[in-house]
Every structure is written in structure tokens, then in C-alpha cells.
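Chain letters run A, B, ... following the sequence lines, proteins first, then strands; residues in each count from 1.
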Amino acid sequence: MELTLWTYEGPPHVGAMRIASSMKDIHYVLHAPQGDTYADLLFTMIERRGQRPPVTYTTFQARDLGGDTAELVKKNIKEAVERFKPKTLLVGESCTAELIQDQPGALAKGMGFDMPIVNLELPAYSKKENWGASETFYQLTRTLLKDKVSFSDKISPFRWKELGRRPKVNILGPSLLGFRCRDDVIEIQRILSEQGIDTNVVAPLGASPDDIERLIDAEINICLYQEIAEASCEWLKRNFGMEYTNTIPIGIKNTIEFINEVHEKLDLPLTNKEELENKSKLPWYSKSVDSNYLTGKRVFIFGDGTHAIAAAKIAKEELGFEVVGLGTYSREMARQVRATAKDLNVEALITNNYLEVEDAMKKAAPELVLGTQMERHSAKRLGIPCSVISTPMHVQDVPARYSPQMGWEGANVIFDDWVHPLMMGLEEHLIDMFKHDFEFVDGHQSHLGHTATNKNNILNSDEKKEKNSKEEIIWTESGRAELTKVPFFVRGKVKTNTEKYAILRGIPEISDETLYDAKAYFS
Amino acid sequence: MELTLWTYEGPPHVGAMRIASSMKDIHYVLHAPQGDTYADLLFTMIERRGQRPPVTYTTFQARDLGGDTAELVKKNIKEAVERFKPKTLLVGESCTAELIQDQPGALAKGMGFDMPIVNLELPAYSKKENWGASETFYQLTRTLLKDKVSFSDKISPFRWKELGRRPKVNILGPSLLGFRCRDDVIEIQRILSEQGIDTNVVAPLGASPDDIERLIDAEINICLYQEIAEASCEWLKRNFGMEYTNTIPIGIKNTIEFINEVHEKLDLPLTNKEELENKSKLPWYSKSVDSNYLTGKRVFIFGDGTHAIAAAKIAKEELGFEVVGLGTYSREMARQVRATAKDLNVEALITNNYLEVEDAMKKAAPELVLGTQMERHSAKRLGIPCSVISTPMHVQDVPARYSPQMGWEGANVIFDDWVHPLMMGLEEHLIDMFKHDFEFVDGHQSHLGHTATNKNNILNSDEKKEKNSKEEIIWTESGRAELTKVPFFVRGKVKTNTEKYAILRGIPEISDETLYDAKAYFS
Amino acid sequence: MSKVEFKKETGPREVFCGLTSIVWLHRRMPDAFFLVVGSRTCAHLIQSAAGVMIFAEPRFGTAILEEKDLAGLADAHEELDRVVNDLIERRPEIKTLFLVGSCPSEVIKLDLATVAEKLNKRFLGQVRFVNYSGSGIETTFTQGEDGALKALIPLMESSNEEKLLLVGTLANNVEDRFKKIFRNLGISNIESFPPRQSTELPKIGKNTKVLLTQPYLSDTVRDLKHRGCDIISAPFPLGIEGSTQWFLAAAKAFKIGELKVHEIISPLIKRAKLALESHKEILKGKRLFLLPESQLEISLARFLHNECEMDLIEVGTPYLNKDLMKEEINLLPDNTKIVEGQHVEKQLDRVRNSNPDLVVCGMGLANPLEAEGISTKWSIEMVFSPIHGIDQAADLAGLFSKPLKRNQILTSKTLVTH
Amino acid sequence: MSKVEFKKETGPREVFCGLTSIVWLHRRMPDAFFLVVGSRTCAHLIQSAAGVMIFAEPRFGTAILEEKDLAGLADAHEELDRVVNDLIERRPEIKTLFLVGSCPSEVIKLDLATVAEKLNKRFLGQVRFVNYSGSGIETTFTQGEDGALKALIPLMESSNEEKLLLVGTLANNVEDRFKKIFRNLGISNIESFPPRQSTELPKIGKNTKVLLTQPYLSDTVRDLKHRGCDIISAPFPLGIEGSTQWFLAAAKAFKIGELKVHEIISPLIKRAKLALESHKEILKGKRLFLLPESQLEISLARFLHNECEMDLIEVGTPYLNKDLMKEEINLLPDNTKIVEGQHVEKQLDRVRNSNPDLVVCGMGLANPLEAEGISTKWSIEMVFSPIHGIDQAADLAGLFSKPLKRNQILTSKTLVTH
């Protein structure tokens, strides 16, 4: 049993719903009690969908348990098939139904329909949402393509040459409730098209079962989100020899590397390499002298594997930040996140517990947090600017405007989204610094809260706790006075460093000079 | 003499610089002392331009005044022409040079150059930046095209039919330091192109003098920003018979009306009218049930004429807000703003004094402010969410990402930019409402400041002032207690209304019942 | 009883389960903690329904069952013990801990009552443990509150003091208004259940006169009756009419004359009618379809028809206690069609065929209906907003007039939904 | 004096005028108000230079001349009178009002001295008026402070008390550090000019020993000399070397032994050297080009060469007072090329031809140079940052190492600039 106040991921059947809702001509009969219908609102409220998810809940009740719930399943399957006439039927169960073992998938298969039926067995007590989505997409792909395995030759990534047409690729992974998938797909298609590469199928987002059957018309697969598509890509590689890409095109460097990888895999010459550097405004905006203050800003990153890894790279190499924390809730991508963290000399935080993330954030004393909606709120409590880079998300993460994370425009979006909160933080500081009290009797309203006041609170409350753990280090009046002169956005770090230094040198009282000594020591 | 702590517009020669810097192959010799070079940073820092403005400052000093400043002007003109080899030369003076009456334009014309020379006389002591930009663009257009007037027939807007080609239009008005001009131009060109209409010339942004000479190759002009382009459009109409558009395509309704207007002027049938309604996400996002709370939100609008008028229309008709204040600093557009305000039953505020705007804002007790950077700061002080819709702007108003205000994507951008601050305000409120004290000892960090606390301060300080003016109206304990139960974002308005009601009815003390009476009265 | 048409329907539903009521119960009693014993689905459900509240207020959580907990019940009990210990150690300010059963815990027959009993012994004098089920196989949405209140009744001491007991969660400011009005009527001993602190449970007995504020408390009412309480029969205090009759019924139970009641509330009624006017203008003659969710549907239908002059197409309700709803049903117009239960697909067919102006429904259905050009109001807002009482009648009407007004402002044609 | 190469240049400039110094002066003396008498250009210039400060702090403003003010000077005087009256009515907390002349007010010969005199009489005991010119036809950037301080000298009372007077605006925390160190040296009577409150002007006289903190105060120094003050000759306290010699010079003036000075500051020097190390690693051997703006250029060049081992290509300065800068110039390496004045186009040609690693320049030039692939540091930051003193040496070096470090991190090729 695990005590959970909040969870980054839903249960695996919600992952299955993400795949079903992303696609056309699919229906999902879910053996589940009435309460599980809450999941519909994720799609209709967060994504503002104008269609209900294509899901029929069997809605069994306590009184049905004594009777024949299997009959209830069959009745619902029959009604759903008649009403929605899907081209492929997904059948599965949520946590409660898993316990009563009605085998809805097997029941469906015995009902004599001639459409493909995918039996989804998603262990609700050990797996989570992204795994469920990945497994569903994999089972669906497998079901619809398995008969073609034996009849098909291995697919050569170069065959477009013989076929005398532009190369074709599939874009796999984008789904509803994924972070900015809607726009990433547009951006990546645009980039590929500019390079003379056609998109064969995008799936699951917007695809029908027919499209899944057409996957093997492409030469290679673009694995756009590993959390969702890697299992399917791997199966397609094993069974049809289809190569797939490993680079996630988030940030300028990764986008260029991605374009390179696609060209290499297809054996297509890359003719406009020089141009690529100038497709996004990020490099110039980052180089512009007003961005100089970004150098070395301490950033803490937590999110899904794909976005956390990409964010770390952009933060360090493209914006000149210092990454002081990196983590993910995607256990499936723990290995990759650990590798990236190691390169950055930080320890990766792999957890599903947001309180641990908040603690780590507090310890790292960052100047910017990049995280999920939960980190946004944790950062808010700590008075640290934050930008959201990953699911789980809220309705404000599904903007009306074109807001990809990937490709050239994605890099532009990232520059704006990450720098704006920092800039606002700096504005706070400057206004605070330049304001004079008698002119601001009502107090100055801040988007970060009354930074100065609250920061002091945080310092004070930290202090109380730390006094015990750090063997009663005392701040003298001069030390304390000097500390308040340090700009707010580095004050936390200066305080920690000075105390570290004092412990190291066995200095029991921190004066203004200790502060300068520590500053010199750590510079 | 006018006491000014801050001004919405710079002097007219800065307007001229905006035109010169927007264009290619132009150089501007400005008779001005060294300090006036500050204007370069508007372009290199706010717009992050990688080129210096094409301006040579004569840099006369006190010691030159006794001598021959006219010679200094000629020396600088000569050097500038030799170094920069412009195709057209602008010559003018800033405020100080205007006083010493060297007539730099006349001097330049006497120097025997064979390029066109535009003599800019911009009265610095009575006109402002936008007027200067408009006048410069007009003088430039006139200078480059005046010789063609007598040789040219009136241009028929229908001549594209006889010529057997797609209709051609000019897009006039976009300039550097204009609000989102860079992206508006792209959006409008896209929309016109989809309709089968070609862009002949965009000016001044990106145009050369040769392009100005080509203006008459188009059938009609798109007057995209009246502040800058109307004078030129009018001259082109008078002298070449070129029609120009009046609708500013900001918001869905105006964009559709704009497309209609262009089609009508060109006598081009509009074939995809039905489609147009669905080109932007704004209508659906606005209709989505999570937007229901937007209905009747009180919004205060202040900016340049073009953007303020457009904002009022969108606010009312497309987002369902109530416009409680509308104003502009553009005296040239006062008539139009007054007309719009009249339609909305509010009084237009025409002023260049930001303190007057802040006062009006306070009185109107809005829930959202749409304004310039100055209104953003005023709103911040008052704890009201704000979105920036107009110049004058800061570096954060020149985002890396595609951020038009016009057309379909412009409407998407507007939805996000206006609703996000409101949503954050609401989030504050909800978190505040749902939080429980003992769990938030450090206080909750807010992007609006500690709303509750500060709101109380504002109420209290207001109260002190109002006690005198409103004949000592007293809030009883029950009235005060009831008022604190009102959600923060309407509390100010409820307070004002209740007091209004009390005065109207001659009630000296406001109890909880008075509050309910007033609420019913105003509902 | 008026000639109302009743129908029952079964099939797939689109409703919240009883766990959702934790979202307002934890607000009402900030010294309590609600620990759901369930699956990741339960945790995800509550956080999805709670929205932004989850970020401010972790006074509810889930003990998520894992593979190993399913192996043997003994182990599960032990695990739950551990989780509760951890929780109480970290949150020593908790005074009452609700162990909330869920679909999976019910199916595997986890005995929360026994667990609660053991824990009560161990934490005697520090934390009280109660248990109830919010499972979706037994309860719908607001029924969760019924379960939670019922679970508290055994903890309530007995007293023969005469008092008025308001039963059902109210917004604090509405509660204050009601108490003020009752005091003006001459009823001074008034208590609320649930109280604002879980430890301050009212005492009850044969002189306790129970006045329900919410219609979904069947089990609670039954147990209060068993404890000797007198249940005042009345419609519910939604709208002017319902509230007036509700006050009258209470007054009658306390032998206060009707005249006195009218004297106190007629100024309130007068201004409420004034305030209602602008909303009525929008709602009048509009056709309303209520889908089942909150059990408030019948009272809302009565208010919206009788006071706002809306036409009722169909009134859905997840569950119907004809006895408790008797007074309400009497006030409904003839031929009102009440449908208990749900077959969501068939019901939506009826919605589409009946061409309604407004549909009251859950958040999962609202946007899809809007996309079809049908205005909607989400029912969940009714349980979060202060809508009870005469003074709130206009605000209650406003919840329904606002989407219609918005629809008038914005273009009304069917939109492509991106 | 070392063999330094001097050159003068005239032509179009790219520098701020003296009005800009209001931006830090109003921060230093929060009880003062700076009223520029000028044009809309002046108002726009200050708000553009002040950036976000303008939103927080309206302690400066412009009386904007209009057509009608140009018609006759008498009317203009009257108008100014009216504006000042309005301002003081609205801002009764103002203690000192600086009337600041501008290019247009100088050209039309508006006599601010006479206006100030009249106003001083009228507001006697309430507000003091002083006037100076910040006009761009007479002053460059930091020279505005020189004018403002010079204008205050007549208001300073005389005293023969022995004291150390630090002259030139310092960041408050730097000032505190300096005072602490001087006290440790045994100098206890230390005052600053400008003071933190405009009304608390130090008294001066023949026992006042003036130690300059800023190199741009020629006129102020002249007038202080006239008042009998003793000017201590020293380099400026930028970097370890400059600060050390500055302390030594002050100590000498107070007859404090060198040994004592070294005893006090050697721990500071030791840690400053340690802190400087990482910056020196980046700066060492890099080629530096300083464009004229702040008059700090010579001191910066000395620090960056002698302590950070940068190579100096050209040191621009808007104005050179060889007397005041004597000690600094002595510390420069042989063959340093100092250029006084500016022809911005020719100077930029030299920048491009000399292939520098870093250019110090104004905000108007920085991004255009970056776009050509040349790293820059804006000079205006030097007058806003706490850079003085031994403890700040590493921070001062950091201002220059940061852009180079950033350049190393980001790709170094020439970019398309959108």
C-alpha cells in the first residue's frame, strides 16, 4: 500500500483511453463501475474536446456482483458495437473489474464480430498511465499488423529510391493529454516536408485502424515520444525491419540532430545544413545582450522522461543555465534520465512522490523551476519562478495558439516560456530595489508574492530547522545585515554556501567577513 | 509646459527613426546633440535588432553653437552619404536643432546629390512619435511617387481582371516598435494568399525606396495601422485613386469583416465564407464551458487607438466581457475611440497622463486590464490581472515565438494572453479559499501578491478617503463581515455599489442586509 | 402528489461516485482527514475532481492497493495500519480520520470497520476513526456525504435539549444567514451537521428537530430517526418558494406562527424577486433537460419551473427517495417526467431529439453537447456554490442564465471544435 | 607617467547625455526630486534609460516645453513656476528640487539659476532648489553627476573639523564596507558626498580630505578645492590594485602607516585574489576595446590589464582630465592607446579591424556588434553595479568574464538576427 496525496500518472486504463480517444473509428468497452467515468472530463475539460471519448463503461454495481456480470459485459459490448460501429474494438477492465475476473476480452472475442478485437490486459495494481498507453498502442499495432508479418519482406529504409518517390515516414507517439502533441506534430511534419520527406501516418493522434494497417507503407518510424511509442517502434523493427529514430527534436541542437538522424537513416543527403541554424530565433535571442543575465541561472527540472531530458540539454547548452536538479516520474525512462543527470553532475531523482520533489527543489535553491503543474505550485509556495514543460497538465497547458515544444517554433516557445518568468522575477527585484517606501503605502503587488517578506520567512523557518542539524551555527548581526543586501534570487544559495563554508572551516559564528570569505571560496 | 513623469509616446523624430529603421537602403541624417543617440537602444534592446538604426546624429555641442553648425550638418551629410550610399536620404532635426534653424533639409538639397532627399519638418514642441512616423512615411511616399502622379491614370481596383492576374495589394503601416507588426504582416499575407490575393509591397517594414515606387502596381492598399499609414493611404487615393481598407483585422469578427472588405473593394467573390468562422480556435475556446466564468468580467482598456478599439470589440462580442473603461493616448484617433466608447456606454478617456489612467482604472474596479506596459504596472500595484495589448512596449513584448494580434492566429494569441492572467487570478482565489492556515505557515506565494491582505489594505485606504467625500457612510460590523465573504475579484465593485445604493437611499450605516439590498437593486 | 411521470432506466452511466463528496466534506471539517482505501484510479479521480484544490490542501489522500495487498487480506490490514501510522505521525493535527471504502476495497472485502475499531483503541483520545463507503458500486456522487454523516451518528452524544439541527453541508456564509434568520424567528438553539469542526458534533435526541438542507441524505435521516430525532418534512431551501416553505415548516415545528415568519422573510422575498427578474427574463420559456448526477435535480427543476418559468423536458436523478422528496414532487408541475437511473446513450438520444435550450449535466458531457450547439450547465457547480436560501435565489438562477446569456452574446452556430 | 598614446577624435557620437545620471542620483538621495526642464525627447530619454525603475519611482520628471513656451522667455518662467508649484503640492515630501537644464533650455537661454533663486525664497524652509545642466551639448553621461554635486557645494556649510570625505555616488553596501575598513584603519570621521539624504550635506573646510570614488568629477573637485578641501591624489578604488593604492593614499593623508593598512586589507586582498582566479582564467590574453561613455574606461582598462591580464586595443573616453587621471594613467601599460572624444563610425571601423574578444560599449551598439560575432559588455551596468573596493574585484571582473563565458557556452558563429 502506498500513501498518495497526489499522483503524476493515472491508472493504466486511462492510458488506454488516451489512445482510444486520440484515434478514429475505435471504440473501447471498459468493464468498470460508474465512478470511473470521471476520466471523460480529462478529455472534455482539459483538452476541451467537443467529442466524448469513445468509451462505454459497463457500470456494474454492487447488486450485479452476485449475479452475472459477464452478461452485463456482453450486453454493453453488443450495444456499443451496434451504436458506434467501430472498425476495431478495444476491450478491457479497470482496477475493480480486474478483481472479479470476467475476462471481458475473451468474452468479446466469443461474440462473433468480424472486426479486430484487442484484448487489453493492463494490470491496474502495478502499472500506470503511460505504460497503459504504450501497451495499448502496441497491442493495437500488433493486432492489426500481425497477419502481415509473414507476407512482408523486411523494409529497407532506402526503398524510396527504387520506388521513385519521396521518402515516407510515420510519426508515432502523439496522443491526447500528451504535452503539446497537437502542435508538435504540425511542426515536425513541416520540418520533414521542407526536407522533402512525406508523412505516411501520424498515430495514434488522428489515426484510424486503417492507418495503422498502412504503417508499413513508410520507410522508417519517427519515435516522437518514447513513453508511448517505443514498444510499438521496437515491434515494427523486429517484425518488419523498420528503423526508428532516437532523437527527440526539442531544442535547436536536438532538432538539427534529429534531422540528421532521419537523413542518415533514409540515406537522403542533407543539403541545407547551414540554413538550419537560423530557422529559430532562440539562438539569437539567447545571444542577445539582454540575455547575458541568464548565464549560470540555477534551474531545477522535473517531468516526464522525454521532456525532462530535453529540457536539461536546452537549459545547459542553449540558454547557458546551470542545471542543479533533474528528475522524472517515468520509471520506464529512469535509465536515460540517470545518464543525463550524470553528465550534468547532479543526482537524478526518480520518484512518484511530489513531496520528495518539493524537498529536493528546496534544497537545490534554484532560480527557475521547469516541471509539471505540481512543480509550478510547489515553486509558487517557495517563491521561485516556474515554467511547465510536461504532463500532467491543466487546461492552461492546452493553449489556443500554436505552441509546440519541438522544432524551430518549439524552441521559440521554450525561450519565451522559460525566460518570461525569470524576467518577471528580475522585474520584481528591480522594482523592489528602486522603489521607495513612502510612495508605496499600499504595498507593491507582485506576481511572485511579497518576495522580500516571504523570502525572509523562508530563511527564518529554514533556520529554525537547520540550527539543530548544523550544530548551532549562528549568524551575527553583521552577517545577517550583509545577507539582506544580497539580491533575493541568489540569497538562498549564498546563505547555504556560507553555512557550508562555516562548517567546513569550523567557524561557529557567521559575520559579514565570513560571507565574503565564503563567496571567494566558492567563486 | 507640461509636467510629465512618463510619456506614452516619444518625440516625432523617434517616429521618423521607426520608419527609417524599418526600411532598407535609407539613411537619416538627424541634426541633434549627442544625448539623442539614446533612441538607438529602443531598436537594439527592445526589438533586439542586430543592426544599428541607419541614423547619423550631427552631435553638435555647445561650443559649435557660436560657430557654423550648418557646416557641421553638411559635413555629416557628406560623410553619411559616402559611407552608407543610401538610395533615399532623410534629413531632419530633433527638438534642440529645431531651435537653431539650420534648415538641414534645404542644406542637403543644395549639396548636389542625385538621390531623392526627403526634408522632414517635424515640430518637436507640438507633435509626438506616431505623428512623426506617419508624417515621415507620408513625405517619403510623396517624394518618391509625386512625379508619377500626372503620368498615371486612376487605378481601378478591378484592373487585375483585365490584366489577367491575381489581385495585388499593398500592406501599409507595419513598422519597428509597433505592436507585433512583425507577425501581423505574416498572418495577413497568409490570409490574403489563401484568398488568392498577392501582396505587392509591405511598407515601411522591410521595404526599400524602390518598393515605395512600386506601390502603384497594386490595386488597393491595406491600411493595417491607421496611426502610421492613413495619411499615406489618403494621398495615394487622392492622387492615384487607390482605394484602401478601413477594417483592422484584429479579432474573428473584424478579420472576417476585413476579408469581406478586401473582396468587395477588389470585386473578388468570396467563396469560402463558411470556412472562415472555423479558422481560429477562439470561438470554440470562448464557447467551451470552462470559459463560462468569463461572462460579464469587467475589463478596462487603454492603448493606442487601433488596438484599444479592436480590444473593446473582441472583449465584448467574442469573449463576453463587460467593457468598463476605454481610452487612448492617440489624440489622432480620439474621434473613433469616442465613438466606440459611446456604443459601449462608457466615457472615453483621451489622455497622455498615465496617472489619470491609473485613477480611472481604480474607479472602474475592473477584473482585467488591457493596456500598455504602464497599465501593466499600474494594474500590478492595484492587484488586478493585466495583459499588454499596445505600445509602448518592453523587450518581453517582442517574443521569440510567432505572436500576431491580427487574423486567426492573432485571435488565438489574444484568447490565451487575456484569459491566462484571469485564470491565474482565479487560481489564486481558489487556492486561497481552499487552503487551510496551519498548512501554509510560510504564506502562499501569489503572482498577484498577497491578494487578500492587500485587497483589504486597498479597501481600507480607499475607505479613509471616501469617508469624507461620501458624507461619512459607515460600515457596520455585520456589513464588513459580509463584505469579506465576497470573492476578491468582485469585492471592490460590491463595495462601491453598496455605497452608491446607501447614498441613493439615504442609508447612513451599511449592514449585511444593505449589502443584499444593494446586490438585488443592481442585479 | 401531482401527476408526475416516473420512469426507471438502467445502463451505462456518466456520473461521479461517492468519493467525490470528499471534495467538499474536507473543506467543511478542516480538522478531519479522508483516507480512501482504493486504487490509483480512486486517487486520480479525486485529484481530477478537486482541480486546483489539490495544490492547496492535502487533507485527503489514498492508500493505494498494490499487487501484494491483493495476495492476502491479513497483509492488507497490516499495510493499512502502517499507512495510517505514517499519516498520523506526519499530520498530528488530524482529529478525525475517515477511512473511506472504494470499489476495489469493497470487492476484496477489506473490513474497514474492524480496522477503524482497532485504530480507535490505539489512538484513543488523539484521533477518532470512522469508516464508510464512497464506492461507485454502491454510491453516486452526493451519496458519499450521506455515508460520511451516517458514520458520524454513533459518535454523537444524546441530549433531550430542544434544538433545530440543520443537516447537510452548507456554505459557511449561507449557514450564517440561516442562523440569523432563525434567531430572528425566535429559534435560538441551532446546530449544524456536519459541524465546522469534526470534534464538535451536536448532541441529539428526542427533542432534536431535523431540518434537511440537502436532499441526498436518506441513510442519515433513517439513523437520526432511530436516535429519536424528529424529521421536519419540507421541500429544500432552494429558491424563494422552497426556502419559504422550509422556514415555515421549521417554524411550525417550533410552534411559531406563520405571520411571524412572513414578517421576517417578506423583505427578503421582495428583494429576492427583484434580483431574480433579470435572470427570469433570460430563462422564461426556455426548455430544460436535467441529466442525473447530484440528486439536487428535482429541487432545481421545481425552482427553475416555478420561479423562473422554464419548461421541463426531463428530470433525471441518479436515485429517488420518494418519501424524502414528497414535498418537492408536490410542487412540480403536472406531467413532469422524472427518470431515475441512467442509460447515458439513450438519454443523450432523448436530449438531442427534444431540442433543449439548456442541459444540466456532468463535466464529461458538457463540452460535447456545446459542440452540438446545446447550452449546458455543469451540475458539479451546484454542490460548490452558495445556492441555498432566499438571498441566494438570484445567484442560483444566475448559474443557469449565465450560459444562456453567453450563448446570446457569442455566435450561436455550431462550431468546429479543435 | 608611462608612455601612453593620446589621441583626440571628433565626429558623430553614440553616448548618453548628462541627464542620464539622474537615474542613479535619485536613488542615492530619495528625498530629492529631479525636474528636467526640456523637451519630450528629454523625458523619453530618461524613461528609456531608467527602464523598469520608471514604474516604481517617479522621483524625476520633465517639464516639457511646448510651442507657447518658446514664444517668450517671460512666459516660460511663469509656466515653470506653475509646474513647480503643482509638483510641490502633490509631492510635499520633496526636500530638494533639482532644476536640471537640458539642450533646448540651454539653447533658448532659460535662466534656471534665477528661477531657482526666486523659488528658494518662496519655499524657504520647505524645499531647497538647486540648478545644474545635464544638457547633451555640454555634458556626457556621468558628467551629469559632476554638475549636480557642484550645484550642491554652495549649500554645504563650512567646518574645520578633520574628516575624510568620500566623493562620488557609491552603492550603499560598498559605502558601508569602505567606512568599516576606514574605521579599522583608525579614521573615524568619514562622510559621503552625495549623502543618503539631500538635506544632510557634509560640512567642509580646510581639514576636509577629499577622496574621490569616481573619476568623472572635475568641476566638483575644482569647487571643493576653492572651499579649501584637500584632494587626495590616488587611483580609483576599482580592483585590488586601485583600491589598495586608494586606501594607502587616504591613510597617508591621515598619517597612518602603510604597515597598518596592509595588516587590515591583506586578508581582503588574499580572498579577493582567490575569487578573481576563475574570472582571470577566462579573461587572460583576451583583447579588449573600450568605447567611450562612462569615463570609467581608463580605470577599467587598468584593472582588466593589470589584474585580469587582458590586452588593451583601445581605451576610449568621452573626456579626459589628465590631472585627475594622473595616478591611473601611471598604472597603465606602455603604449596604451587612449582616445578622447568619438567619431563612432571610424571607431567602429577600428573595432572591426582589430578583431577584439570583448568590446565595452553603450546599449545602442551592443547587439549590432554581437550580431557581427563580437562579444560585448554594456558600459551602463558599471554605474549601477556595486563594483568598487577589494571585495568587489571579482564581481567587477565577472561583468566582463560573463559575456565571454556565455559566448563559450553558446555557439560562437555569426547568427542571422531576426
Side-chain angles (χ1 to χ4, degrees), chain B residues 1-7 9-14 32-45 48-53 56-65 75-76 79-80 83 94-96 98-100 123-126 128-129 182 355 373-374 376-378 380 394 400, chain D residues 11-20 35 37-45 47-49 52 54-56 58 60-67 69-70 76 79-80 82-83 86-87 102-104 106-108 135-138 140 345 362-368 370-372 415 417-418:
Chain B
M1 234 174 257
E2 186 200 346
L3 176 61
T4 301
L5 302 178
W6 187 82
T7 168
E9 291 185 66
H13 76 264
V14 167
Q34 60 184 358
D36 292 7
T37 59
Y38 82 90
D40 285 3
L41 76 85
L42 304 173
F43 300 90
T44 63
M45 295 301 286
R48 293 191 179 92
R49 296 285 288 176
Q51 300 89 40
R52 293 166 60 207
T56 295
Y57 303 85
T58 60
T59 315
F60 63 88
Q61 302 191 317
R63 61 169 178 263
D64 300 321
L65 290 179
K75 179 169 171 282
N76 274 285
E79 277 189 27
R83 179 176 285 268
S94 77
C95 49
T96 309
E98 186 180 335
L99 299 170
I100 56 180
Y125 298 92
S126 58
K128 296 201 286 270
E129 178 181 333
R182 176 193 79 190
L355 293 170
Q373 278 289 335
M374 184 46 93
R376 184 170 73 79
H377 281 268
S378 299
K380 207 169 180 181
H394 275 192
Chain D
R13 289 186 166 202
E14 180 83 25
V15 286
F16 282 124
C17 67
L19 295 182
T20 320
L35 181 64
V37 183
S39 64
R40 185 168 304 281
T41 315
C42 305
H44 198 236
L45 178 155
Q47 78 188 44
S48 301
V52 78
I54 198 79
F55 296 114
F60 48 85
T62 308
I64 294 186
L65 295 161
E66 295 172 302
E67 286 287 4
D69 300 309
L70 303 176
E79 275 289 283
L80 183 53
R82 183 186 56 78
V83 164
D86 283 0
L87 179 62
S102 68
C103 298
E106 296 294 319
V107 167
I108 65 169
S135 90
I137 55 177
E138 294 158 315
T140 305
E345 305 297 350
M363 289 200 289
L365 296 174
N367 264 342
E370 293 280 351
E372 295 182 28
L415 292 158
T417 55
H418 301 268

### Proximity breakdown for Arg83(B) and chain D, heavy-atom pairs closer than 4.5 Å
side chain

### Query
Hey, which of Leu80(D), Asp86(D), Leu19(D) has the most heavy atom pairs under 4.5 Å with chain B?
Leu80(D)

### Task
Select one option (side chain, backbone, both, neither) describing which atoms of Leu5(B) are under 4.5 Å from chain D's heavy atoms.
both

### Query
Is a donor on one side and an acceptor on the other found under 3.5 Å between the side chain of Ser39(D) and the backbone of Thr41(D)?
yes

### Summary
If one checks every heavy atom of Ser94(B) against chain D at 4.5 Å, the contacting part turns out to be neither

### Query
Of the options His44(D), Gln47(D), Arg40(D), which is the one that meets Thr7(B) in a side-chain hydrogen bond (donor to acceptor under 3.5 Å, both in side chains)?
Arg40(D)

### Message
Regarding Gln34(B) and Thr140(D), do their side chains bring together a donor and an acceptor under 3.5 Å, going by distance alone?
### Response
yes

### Query
Which value, rounded to the nearest 0.5 Å, describes the distance between Leu65(D) atom CG and Glu2(B) atom CD?
11.0 Å

### Message
Only pairs of heavy atoms separated by less than 4.5 Å count here; which of Leu42(B), Ile100(B), Asp64(B), Leu99(B) has the most with chain D?
### Response
Leu99(B)

### Message
Quick check for you: among Arg82(D), Glu345(D), Glu106(D), which has the greatest number of heavy-atom pairs under 4.5 Å with chain B?
### Response
Glu345(D)

### Query
So which of Gly10(B), Ser378(B), Ala124(B), Pro33(B) has the biggest tally of heavy-atom pairs under 4.5 Å with chain D?
Gly10(B)

### Task
Could you have a look at Cys17(D), Pro12(D), Ala43(D), Gly11(D) and say which one has the most heavy-atom pairs with chain B under 4.5 angstrom?
Pro12(D)

### Task
Inspect the contact between Arg48(B) and Glu370(D) and indicate whether a charged nitrogen and a carboxylate oxygen are less than 4.0 angstrom apart.
no

### Message
Measuring only between side-chain heavy atoms, which start at C-beta, is Val107(D) closer than 4.5 Å to Ile137(D)?
### Response
yes

### Message
Can you tell me which of Ala49(D), Ser102(D), Pro104(D) forms the most heavy-atom pairs within a distance under 4.5 Å of chain B?
### Response
Pro104(D)

### Closest contact, heavy atoms only, Val83(D) versus Ala63(D)
CG1-CB, 4.1 Å

### Message
Please rank Arg52(B), His13(B), Gln61(B), Met45(B) by heavy-atom pairs under 4.5 Å with chain D and give me the top one.
### Response
Arg52(B)

### Query
With respect to chain D, which residue among Lys128(B), His394(B), Glu129(B), Arg63(B) yields the maximal number of heavy-atom pairs within a distance under 4.5 Å?
Lys128(B)

### Query
Which heavy atom of Ala76(D) sits nearest a heavy atom of Met1(B), and at what distance?
O-CE, 3.3 Å

### Top of Phe43(B), Trp6(B), Tyr57(B), Phe60(B) for chain D proximity - count of heavy-atom pairs under 4.5 angstrom
Trp6(B)

### Message
Please classify the contact between Glu9(B) and chain D as side chain, backbone, both or neither, with a heavy-atom cut-off of under 4.5 Å.
### Response
backbone

#### Entry: Any side-chain heavy-atom pair of Glu79(B) and Thr56(B) under 4.5 Å
no

#### Entry: Best-contacting candidate, Thr96(B), Thr58(B), Asp40(B), against chain D by heavy atom pairs under 4.5 angstrom
Thr96(B)

## Note on the structure
Interface check, chain B: of Gly61(D), Gly136(D), Gly364(D), most non-hydrogen pairs under 4.5 Å belong to Gly364(D)

#### Entry: Minimum side-chain heavy-atom gap Leu45(D)-Ser48(D) below 4.5 Å
no

